[in-house]
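This report refers to the structure that appears directly beneath it.
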Amino acid sequence: MKSNGFRSMSTDALWRLHEKVAAELTQRMITEKATLEDRLRKLRSSDETAKPDRSRRPYPKVVPKYRNPKNPGETWSGRGKQPRWLAKRLGAGSKLDDFLINRPGRRRR
């Protein structure tokens with residue numbers, strides 16, 4: 001329908017057209033939603049059957065290697081992203097070896 005056709009229509013006719021379009025869109029959205037929910041239900045059921053019955057293997061506890069001298073409760077194992085306190089101190093010129101935790105039987109390099 002051209003825009004000129006809309007201009008020539010009365011307000012009542014435009015409103016009826018609006019109601020028809022809204023009703024059709026609502027019906028299509030309901031149908032599409034039901035289809036998507038059915039697909040999601042199938043995916044969830046297939047995902048549950050694909051999981052193995054065994055649990056994850058146990059990982060050993062990672063002991064900390066570095067300690068914040070200003071706050072001894074803050075430690076880092078050397079894995080993952082460096083903590084903020086360490087990055088800040090390294091940026092200020094300290095060396096990573098300055099924060100090593102001394103343990104009996106362990107030599108510092």
Side-chain angles (χ1 to χ4, degrees):
M1 206 179 237
K2 294 182 180 177
S3 62
N4 291 341
F6 291 129
R7 292 180 194 268
S8 65
M9 292 175 71
S10 69
T11 305
D12 290 335
L14 283 171
W15 187 253
R16 284 191 299 274
L17 179 61
H18 165 74
E19 287 177 337
K20 286 180 182 178
V21 169
E24 182 63 29
L25 284 173
T26 301
Q27 186 59 39
R28 288 187 185 189
M29 286 175 19
I30 290 170
T31 305
E32 185 69 21
K33 183 180 176 185
T35 303
L36 290 173
E37 286 175 348
D38 186 47
R39 288 177 60 192
L40 183 60
R41 197 175 309 111
K42 287 178 184 176
L43 285 173
R44 284 185 180 153
S45 68
S46 68
D47 187 38
E48 289 172 0
T49 58
K51 290 183 182 177
D53 291 336
R54 61 183 177 184
S55 61
R56 287 183 67 177
R57 71 178 179 92
Y59 287 94
K61 183 174 176 160
V62 180
V63 294
K65 293 181 183 177
Y66 305 97
R67 175 172 283 131
N68 184 355
K70 290 185 177 179
N71 183 356
E74 293 179 331
T75 59
W76 182 50
S77 66
R79 293 185 178 183
K81 189 175 178 182
Q82 287 181 344
R84 290 182 184 145
W85 62 264
L86 182 60
K88 182 179 173 184
R89 300 283 298 269
L90 291 175
S94 297
K95 295 186 179 179
L96 189 58
D97 288 344
D98 297 340
F99 303 99
L100 279 171
I101 297 173
N102 291 330
R103 288 197 199 94
R106 181 175 170 188
R107 294 185 346 206
R108 279 182 109 168
R109 294 180 192 186

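Not measured: the values here are computed from a predicted model.
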Report yes or no: does R67 contribute a side-chain atom to a donor-acceptor pair with the main-chain N or O of I101 at less than 3.5 Å?
no
Does any part of the side chain of L100, heavy atoms only, come nearer than 4.5 Å to the side chain of Y66, both counted from C-beta?
yes
Just how far is it from atom CE of M29 to atom CG of L36, taken to the nearest 0.5 Å?
12.0 Å
Identify whether the distance between the nearest side-chain nitrogen and carboxylate oxygen of K42 and D38 falls below 4.0 Å.
yes
Within the 4.5 Å heavy-atom criterion, are V63 and T75 side-chain neighbours or not?
no
Please walk me through it: do L14 and F6 pass side-chain contact (heavy atoms from CB on, under 4.5 Å)?
CA-CA 7 Å; L14 283 171; F6 291 129; 3.8 Å; yes
Value for CD (Q82) from CZ (F99), rounded to nearest 0.5 Å, stands at 10.0 Å
Taking S94 for its side chain and L90 for its backbone only, find out whether a donor-acceptor pair lies under 3.5 Å.
no
Roughly how far, to the nearest 0.5 Å, is the CD1 atom of I30 from the OG1 atom of T35?
12.0 Å
Is the shortest side-chain N to carboxylate O distance from E24 to K20 below 4.0 Å?
no
Distance check, rounded to the nearest 0.5 Å: L43 atom CG versus R41 atom CZ?
11.0 Å
Between the OG1 atom in T11 and the CZ atom in R16, the distance rounded to the nearest 0.5 Å is 10.5 Å
Please check this pair: side chain of W76 against backbone of R79, looking for a donor-acceptor N/O pair closer than 3.5 Å.
yes
Output for pair (E74 CD, R84 CZ), nearest 0.5 Å, gives 11.0 Å
